[in-house]
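Hydrogens, waters and symmetry mates play no part in the numbers below; they use all other heavy atoms, side chains included.
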Amino acid sequence: MVSSNMAASVLKRCATAAVKVKSLSPSLSARRWLLSAAYTDSKMWEAREKDPQNLAVLANTMDRTYDRNLPVSSLIMSRFVDNISSREEIDQAEYYLYKFRHSPNCWYLRDWTIHGWIRQCLKHGARDKALHTLKNKIQYGIFPDDFTFNLLMDSFIKDADFKSACSVVEEVMLQEAFDLPSTQILSLYALGSYLATRPQLAVSEERALGASLLICGQKQDNTIGLSAQLLGNAFLGKVENLKGIHAVFKGMPLFWGRGYLGRALAIMERVAAASSDVKLSKDTLGYVNDLLHDLPLTSESDSSGEESGGEEDKKENTVDEDDQAEAAKLPEYVKKFKELSSQLESQGKVESTSFQDLVTALAQQNLAAAETPDLEQYESQVQAWEAEKRQLIQREKEMREKAEQEKQERLAAMAAAQQV
């Protein structure tokens with residue numbers, strides 16, 4: 001019934017049927033656009049060979065196919081997404097993406113369909129849908145490539161929605177997709193801008209931010225990268241202290257060993273011992289100081305389930321003896337942090353420029369150069385997608401012709417049998 005109503009909605013819909021680039025400055029602005037117009041321009045994407053389709057017909061075809069418990073072709077899903085023309089049709093496409101993900105062909109959602117879905121959401125003012133399907137990727141099969149991540153992240157940054165931009169960064173982190181320098185720069189910029197607002201964070205949010213800062217920071221062997229690693233380890237160390245190590249690495253691409261606060265201090269020791277001019281930002285050290293002082297000096301386990309909603313939560317948040325032993329090191333960590341902070345200060349290795357201004361300068365200096373190889377790779381990727389799509393269309397045509405031929409042969413055989 002739901003699917004038939006959806007098809008009817010599409011039928012009803014079908015029947016009735018430059019961005020100015022702003023210069024960066026270290027200070028916050030109401031609107032910001034980091035990627036160039038050339039990077040975000042959709043002309044190359046829109047120039048692909050068109051395949052006009054009636055969404056009502058496609059919806060009806062998918063509904064009938066699902067009703068017969070047969071797999072829907074990835075080409076049909078691709079055509080549906082490519083022919084979206086309104087915000088209402090975004091909602092309808094979301095439904096069919098979900099259906100496709102829970103069908104026998106779930107592994108065959110094409111990369112160009114995922115890219116097209118994000119572009120359509122941005123085009124029709126549905127970033128909320130793009131982010132929803134991304135964060136619920138297991139249910140929708142939305143696993144974007146780096147270029148697509150950049151487009152969505154930049155869109156949120158443009159409107160100074162740094163919290164949503166950091167939600168995209170979290171998904172990049174979970175996919176371990178910090179390969180492109182452009183993605184690293186955008187991610188660090190989003191993280192730095194969001195932290196500059198001093199948000200009130202739940203433990204789960206501190207965990208996500210910590211992992212994002214740590215893994216992205218490891219791609220930059222400089223003041224920015226080490227400052228990000230320091231703060232990332234500190235966030236994760238706070239979660240470890242409160243919830244135990246299992247609450248840190250469960251579902252995250254993180255090292256499972258205890259001692260994240262110790263690793264944060266190791267970053268400080270590394271900078272203090274370095275012969276280069278690498279430093280740690282002053283506001284990052286201040287953030288870590290606040291995190292350390294937010295923690296109770298005596299470990300209080302969550303294993304009693306005081307904040308848990310059920311038995312499964314209690315099991316996940318159980319703090320064992322090793323966790324308690326690690327938490328008991330907090331006074332030692334606090335003392336060592338003060339000593340290392342003084343040492344860094346005396347060595348002139350505390351950067352007075354804020355972390356946010358450092359990443360803003362990084363974007364100003366390096367992002368334009370990072371865009372060039374991305375655009376070249378994207379052009380090649382679009383061409384490869386088009387070639388693969390043509391092969392699938394040809395195979396689809398051959399299979400239909402073969403099926404029609406076999407049907408005609410069966411009909412002829414039946415007619416001959418009746419004459420006998």
Side-chain angles (χ1 to χ4, degrees), residues 7 10-11 13-15 17-19 35-62 65 71-90 92-94 96-97 99-101 103 105-126 129-130 133 140-152 155 371-404:
V10 178
L11 178 61
R13 177 70 187 88
C14 291
V19 178
L35 292 176
S36 68
Y39 199 103
T40 59
D41 191 4
S42 63
K43 286 182 180 178
M44 187 187 304
W45 180 250
E46 299 293 343
R48 297 170 304 136
E49 185 177 348
K50 303 299 182 184
D51 185 13
Q53 297 283 333
N54 185 312
L55 291 192
V57 173
L58 291 177
N60 186 53
T61 298
M62 287 191 282
T65 304
V72 165
S73 163
S74 64
L75 273 178
I76 294 181
M77 196 66 249
S78 172
R79 289 164 179 149
F80 197 100
V81 170
D82 279 346
N83 283 275
I84 292 172
S85 61
S86 70
R87 178 63 174 80
E88 179 186 351
E89 290 169 357
I90 290 286
Q92 295 154 2
E94 178 195 359
Y96 286 109
L97 283 169
K99 289 282 288 183
F100 189 87
R101 180 62 174 175
S103 73
N105 266 0
C106 61
W107 301 110
Y108 297 102
L109 185 65
R110 303 296 168 174
D111 290 341
W112 66 77
T113 305
I114 296 171
H115 179 75
W117 164 249
I118 299 298
R119 278 199 178 275
Q120 292 283 32
C121 288
L122 295 177
K123 180 179 179 180
H124 296 291
K129 288 295 183 183
T133 54
Y140 292 95
I142 303 301
F143 295 87
D145 58 17
D146 298 28
F147 191 93
T148 311
F149 271 130
N150 286 354
L151 293 178
L152 183 58
S155 177
E371 288 186 4
T372 302
D374 287 8
L375 288 170
E376 293 173 353
Q377 182 181 350
Y378 178 63
E379 183 176 4
S380 299
Q381 184 63 77
V382 171
Q383 292 172 356
W385 283 341
E386 285 299 282
E388 184 180 356
K389 186 190 293 186
R390 285 192 293 269
Q391 291 178 354
L392 290 175
I393 292 173
Q394 179 62 31
R395 191 185 310 167
E396 178 188 60
K397 180 181 177 182
E398 292 171 355
M399 291 178 65
R400 285 180 176 174
E401 291 174 349
K402 182 179 179 181
E404 180 63 24

Would you find a donor on one side and an acceptor on the other, under 3.5 Å apart, between the side chain of [X] and the backbone of [Y]?
| X | Y | answer |
| --- | --- | --- |
| E386 | V382 | no |
| Q120 | V81 | yes |
| S155 | L151 | no |
| T148 | P144 | no |

Do [X] and [Y] have side chains that get closer than 4.5 Å, going by heavy atoms?
| X | Y | result |
| --- | --- | --- |
| D82 | Q53 | no |
| I142 | L109 | yes |
| Y96 | R101 | no |
| M44 | E379 | yes |
| Q381 | W112 | no |

Reported [atom1]-to-[atom2] distance for the pair [X] and [Y], which is rounded to 0.5 angstrom:
| X | Y | atom1 | atom2 | result |
| --- | --- | --- | --- | --- |
| K129 | T133 | NZ | OG1 | 9.0 Å |
| Y378 | D145 | OH | CG | 8.5 Å |
| L55 | T61 | CG | OG1 | 11.0 Å |
| L75 | F80 | CG | CZ | 15.0 Å |
| Y39 | D374 | OH | CG | 3.5 Å |

- Task: Using the ring of W117 (Phe, Tyr or Trp, six-membered ring only), decide whether R119 places NZ or CZ under 6.0 Å from its centre and within 45 degrees of its axis.
- Result: no
Which heavy atom of [X] sits nearest to which heavy atom of [Y], and what is that distance?
| X | Y | answer |
| --- | --- | --- |
| L152 | A130 | CD1-CB, 4.1 Å |
| A126 | I90 | CB-CG2, 3.8 Å |
| T65 | P71 | CG2-O, 3.5 Å |
| I84 | H124 | O-NE2, 3.7 Å |
| L35 | E371 | CA-OE2, 3.4 Å |
| G141 | I114 | O-CD1, 3.5 Å |

- Do other residues, nucleotides or ligands put more than 12 heavy atoms under 6.0 Å from the CZ atom of R395? no
- Is the count of non-hydrogen atoms from other residues, nucleotides or ligands lying under 6.0 Å from Y108 atom OH greater than 12? no
We want to know whether [X] and [Y] form a side-chain donor-acceptor pair, criterion being a heavy-atom distance below 3.5 angstrom.
| X | Y | value |
| --- | --- | --- |
| Q92 | E88 | yes |
| E376 | T372 | no |
| R110 | S78 | no |

- Query: Got a sec, which residues hit side chain to side chain contact (heavy atoms under 4.5 Å, CB included) with K50, two or more places apart in sequence or on another chain?
  - Reply: E46, P52
- For S103, enumerate each residue passing the side chain to side chain contact (heavy atoms under 4.5 Å, CB included) test, keeping only those at least two apart in sequence or located in another chain. Y66, F100, N105
- Message: Test of understanding: with side-chain hydrogen bond (donor to acceptor under 3.5 Å, both in side chains), list the residues that count as partners of R79, not counting sequence neighbours.
- Response: D51, E396
- Message: Just to verify, what does N83 make a side-chain hydrogen bond (donor to acceptor under 3.5 Å, both in side chains) with, not counting sequence neighbours?
- Response: none
- Query: Partners of R390 by salt bridge (charged side-chain N to carboxylate O under 4.0 Å, His left out), sequence neighbours excluded?
  - Reply: none
- What orientation do W385 and W45 show, parallel under 30°, tilted 30 to 60°, or perpendicular over 60°? perpendicular
- Task: Please identify each residue that fulfils ring pair (Phe, Tyr, Trp, His ring centres under 6.0 Å) with Y140, with sequence neighbours left out.
- Result: Y98, H132
